[in-house]
Amino acid sequence: MRDHDKSPRNIGPNTQLVRAGYDPFEYHGFINPPTVHASTVLFPDAGTMEQHGQQYTYATRGTPTTDALCDAINELEGAAGTILLPSGLAAVTVPLLAYLAKGDHALIVDSVYGNVRHFCDTMLARFGVEVDYYDPSIGAAIEELFKPNTRLVHTEAPGSNTFEIQDIPAITSVAHRHRAVVTMDNTWATPLYFRPLDFGVDISIQASTKYPAGHADILMGTVSANESHWRRLKQANGQLGLCGTPDDAYQVLRGLRTMGVRLERHQRSALALAEWLQEQPDVARVLHPALPSFPGHDIWKRDFKGASGVFSLVLKGSRKDDFKMKAQAFLDGLSLFGLGYSWGGFQSLALHVELDDRRILEAPSEGPVVRLQIGLEDVADLKADLERGFQAIAGIQ
Ligand SMILES: *Cc1c(COP(=O)(O)O)cnc(C)c1O
């Protein structure tokens, strides 16, 4: 018998992605886990039932399929436990509900995913939680924003749409001195390129909708906790009754197996296009953390192992009143780039970014901001498509 249980130690990230979370010999050697559709779980006798004396008791609390995914995510994140949620947005809102109560104060990064801001300003406000937004470049100076009732700091790096990098170790050490929990939306980097828990974050969040699923056809989120915060997260999830479906869990685990090679390709193509875009006469700036010209580049380089395929460019030279018109002309000039929101799939996407919900950060003044997701197409074709976009705005001042 070969020893199937023991994975060799110190394996690389792609080897880990191939093996994580499921042992084929737990299910007859089939290399992928079974998709268990269930609500009811049967018990062999009344005594076992009274004691909940078996691994599975009710499918909202997990099945072999959802466990295979959660175990894989635990390995990748270095986490004590992971919960599945029906979307990436829920993966941010559920920890906020789990760790905040009436009278608490939370610090939320100003470059946060927009729908999270909306949740904070509406539902959290209604529940009596006070929220302040902070500058993503604040670092250790976040200490000045702490109040006696500050219980949580939410981070996201790079920030949505404008890609500001945060000094996560500086923020976590201040937060922990004040006994606050630190949550991080790590959707852009995935645990392959940044492992939040290794940098002191307590709760690592991923919209698995994006790179883990990878094919623009699944909605799911994961929340992974360190040892000290896992119990409360799991409890909150049980109280709310949220869970991931078996089919989606299966598909996300399937996507994870190839995420490493897809990310390498997204990274390489995106960086090549970002560098090329910097040189284009119609472009004022490119917002991509792996470019040395980007303000947070040094921290990105210190902490991150790679960059994914989403970044923004600022078009040059139009009057503020014409930003929208110019952005729309550029987008309508593209044909390979789809116009769509949810990135992380195989196809390249573009959209005009509106930044008018920001409280602290100023939107770039040079021109409209266009966010690109670089998909798996050939770079030369994408370059030609972007050139069509520039042709479409020729003559618009
Ligand atoms: C897309 C996204 C989400 C939300 O994911 P959904 O599954 O679409 O709800 C959350 N955070 C970030 C950073 C995202 O890009």
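In listed order, ligands and their atoms are each counted from 1. What you see is a predicted model; the values in this text were computed from it and never measured. Computed over heavy atoms, backbone and side chain alike; hydrogens, waters and symmetry mates excluded.
- Side-chain atoms of N226 and D202 include a donor-acceptor pair closer than 3.5 Å.
- Each of the atoms 15 (O) of ligand 1 lies under 4.0 Å from some heavy atom of W343.
- Side-chain atoms of E164 and T162 include a donor-acceptor pair closer than 3.5 Å.
- Proximity to E156 (heavy-atom distance under 4.0 Å) selects the following atoms of ligand 1: 13 (C).
- Of all protein heavy atoms, the one closest to atom 9 (O) of ligand 1 is L89 N, 2.9 Å.
- Within ligand 1, the atoms closer than 4.0 Å to a non-hydrogen atom of G88 are 4 (C), 5 (O), 6 (P), 7 (O), 9 (O), numbered from 1 in the order shown.
- Closest to atom 11 (N) of ligand 1, if we only count protein heavy atoms, is D185 OD2, 2.6 Å.
- R179 and T150 form no side-chain donor-acceptor contact under 3.5 Å, judged by distance and modelled atom types alone.
- Side-chain contact check for Y341 and Q373: no donor-acceptor pair (N or O, by modelled atom type) lies under 3.5 Å.
- Across F163 and V310, no two heavy atoms sit closer than the pair CE2-O, 3.3 Å.
- For F194 and F199, the ring centers are positioned less than 6.0 Å apart.
- Less than 4.0 angstrom separates some heavy atom of T209 from each of these atoms of ligand 1: 6 (P), 7 (O).
- Nearest protein heavy-atom contact of atom 2 (C) of ligand 1 is K210 NZ, 2.5 Å.
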